[in-house]
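Take a look at the structure below.
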Amino acid sequence: MNIHEYQSKAILKSYGVAVPNGKPAFTVEEAVKAAEELGSFSDNGVVVVKAQIHAGGRGKAGGVKLAKSIDEVKAYATELLGKVLVTHQTGPEGKKVNRLLIEEGSNIKKEYYLSFVIDRQSARVVMMGSSEGGMEIEKVAAEMPDKIVKEYIDPLIGLAPFQATRMAYALSIPAPAVRKAANLMSCLYNAFIGKDCSLAEINPLVVTADDDVIALDAKLNFDDSALFRHPDIEALRDESEEDPKELRAAKAGLNYVNLGGNVACMVNGAGLAMATVDILKHYGGEPANFLDVGGDSSPEKIAEAFQIMLDGGQSKGIFVNIFGGINRCDAIANGIIEAAKIISEDGKSIPVPVVVRLEGTNVELGRQILKDSPIKNVIMAESMEGGAKEIVRLVNEMKI
């Protein structure tokens, strides 16, 4: 789960991380009022108007403006609210700006990068820092890997003070600001652990002309599996920023990720789902989604999965690839029949070709149910490879 920058900063501030003063705004009038309340024009001459979307690269896309007067705040707020920002993380469709962060400016002396993430190879939290702040960290990693410093954290001890201090010196943070930087790192780590984050990122972390250390930007991602412990975080969810299909799937107990292609796939088990996406790509298909229906799929759940995959006309074909263990093949077959009843007027058709590969528990019964059904456009496949080839062929033929 993601949240907006201003929400992330409020959480970090509660853990002792220094952040600029700022206020969210949902209208032009709120933006002007927030700027007036901040009163930053008299301090350093600027107020920052920042678009709030769940994507990085806002500055390059024109989503961050420096205003030197209330009139400029009003003009920038008018320009940004309702605008669709296209960044390297949004994709070509972009994201609509529905809210802003109005924030006091900072007198920046140097920018840095700082984050905490989970390193699955070492099974530890790792603190990553770079002296090349304000840049896309992926670009730094690709072009200047030596500029990224890592500290692996013992889960029993937590972030040790010497590690935070060592990171500060490794980033060449000015001596008067080293202690402040180390303290900020400790506070950020406490927030990461305390809120069950999967990512806590500050880019840029800045040292000001007064040698203060401030989180100028902030991004927090959370482990969805731990949200039951944090109803306060769950309440911050902005559903307008999330894919409607993914939201609908989550409510139905389905694991769904939209991949943007035109060959939908419905699979049980995350590993098999990833392998299915890979084999579709191998045979020239463009996967529309990752969809793991889990091990307890009822016919109603399968029917809902079909509706989600077909919603909006994105999918031109569906590959059902099931290896039944706890999941029964007959339940999958009945679910496909239920889907046809719901989707079509006559209850006997699905608007796109469906290739079904079934193996495992009650496989013969599942195959027989589909063979005896009056549903059109359903093709049985003997193997995963054969099914992938067939659905890609059918979808490609539809393009001609």
Side-chain angles (χ1 to χ4, degrees), residues 2-90 94-112 133-135 180 184 201-220 235-241:
N2 300 332
I3 60 175
H4 289 289
E5 175 192 356
Y6 74 91
Q7 296 166 327
S8 296
K9 285 180 173 176
I11 292 171
L12 294 185
K13 187 176 182 179
S14 71
Y15 277 86
V17 175
V19 299
N21 292 321
K23 298 176 181 290
F26 298 83
T27 65
V28 174
E29 293 72 23
E30 288 181 3
V32 170
K33 182 180 179 182
E36 291 173 341
E37 291 175 353
L38 286 175
S40 295
F41 297 114
S42 59
D43 298 332
N44 51 39
V46 297
V47 161
V48 187
V49 181
K50 307 177 81 172
Q52 298 294 281
I53 59 172
H54 289 175
R58 292 169 297 162
K60 291 182 179 179
V64 179
K65 306 288 187 180
L66 299 180
K68 297 181 180 179
S69 67
I70 291 295
D71 287 340
E72 286 192 0
V73 170
K74 184 176 182 179
Y76 290 142
T78 302
E79 174 190 343
L80 289 175
L81 283 171
K83 179 179 180 179
V84 176
L85 278 187
V86 179
T87 78
H88 69 284
Q89 290 188 5
T90 64
K95 286 195 173 183
K96 185 179 179 180
V97 180
N98 294 313
R99 58 187 81 186
L100 304 171
L101 171 59
I102 310 302
E103 192 171 71
E104 66 183 7
S106 299
N107 192 352
I108 302 169
K109 181 161 67 176
K110 181 72 172 70
E111 296 183 347
Y112 304 87
M135 294 177 60
K180 295 176 183 177
L184 184 144
E201 181 180 72
I202 299 175
N203 189 23
L205 173 74
V206 302
V207 173
T208 69
D210 297 326
D211 288 319
D212 287 327
V213 182
I214 298 175
L216 204 62
D217 195 2
K219 180 179 182 181
L220 297 180
L236 300 178
R237 185 187 294 272
D238 181 2
E239 293 190 352
S240 68
E241 288 283 329

Would you name the heavy atoms of [X] and [Y] that are closest together and state the gap between them?
X    : Y    : result
A31  : V73  : O-CG1, 3.8 Å
Q7   : L236 : NE2-O, 3.4 Å
P204 : I202 : O-CG2, 3.5 Å
V17  : A215 : CG1-CB, 4.0 Å

Can you sort out the partners of [X] under side-chain contact (heavy atoms from CB on, under 4.5 Å), two or more places apart, ordered by chain and number?
X    : value
I108 : S106, E111, V206, L216
D71  : S69
K23  : A34, E37

Could you name each residue pair satisfying ring-ring contact (aromatic ring centres under 6.0 Å, His included) that touches residues 47-72, not counting sequence neighbours?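 Sorted result for residues 47-72: H4-H54.
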
With a 4.5 Å limit on heavy-atom distance, are the side chains of [X] and [Y] in contact?
X    : Y   : answer
L38  : N21 : yes
K9   : P20 : yes
D238 : N98 : no

Using the side chain to side chain donor-acceptor pair (under 3.5 Å) criterion, which residues pair with [X]? Sequence neighbours excluded.
X    : answer
K219 : none
Y6   : R99
K109 : D211

Taking distance alone, no hydrogens or angles, what donor-acceptor pairs closer than 3.5 Å link side-chain atoms of residues 77-86 to residues at least two apart or in another chain?
| from | atom 1 | to | atom 2 | distance (Å) |
| --- | --- | --- | --- | --- |
| T78 | OG1 | K74 | O | 2.7 |

Which residues pass the salt bridge (Lys or Arg N to Asp or Glu O under 4.0 Å) test with K180, not counting sequence neighbours?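 Expected list: D212.
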
With sequence neighbours left out, what residues match E72 under salt bridge (Lys or Arg N to Asp or Glu O under 4.0 Å)?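 For E72, no residue satisfies salt bridge (Lys or Arg N to Asp or Glu O under 4.0 Å) once neighbours in sequence are set aside.
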
Can I get a per-line list of side-chain donor-acceptor pairs under 3.5 Å for residues 55-63, giving both atom names and the distance, sequence neighbours left out?
| from | atom 1 | to | atom 2 | distance (Å) |
| --- | --- | --- | --- | --- |
| R58 | NH1 | E5 | OE1 | 2.9 |
| R58 | NH1 | A51 | O | 2.7 |
| R58 | NH2 | E5 | OE1 | 3.0 |
| R58 | NH2 | D217 | OD1 | 3.4 |
| R58 | NH2 | D217 | OD2 | 3.3 |
| K60 | NZ | E136 | OE2 | 3.4 |

Please determine whether side-chain contact (heavy atoms from CB on, under 4.5 Å) holds for the pair I102 and V48, giving the CA-CA distance in whole Å, both sets of side-chain angles, and the decisive distance to 0.1 Å. CA-CA 6 Å; I102 310 302; V48 187; over 6 Å; no

Taking only residues at least two apart or on different chains, which pairs with a member in residues 11-21 satisfy salt bridge (Lys or Arg N to Asp or Glu O under 4.0 Å)?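 For residues 11-21: none.
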
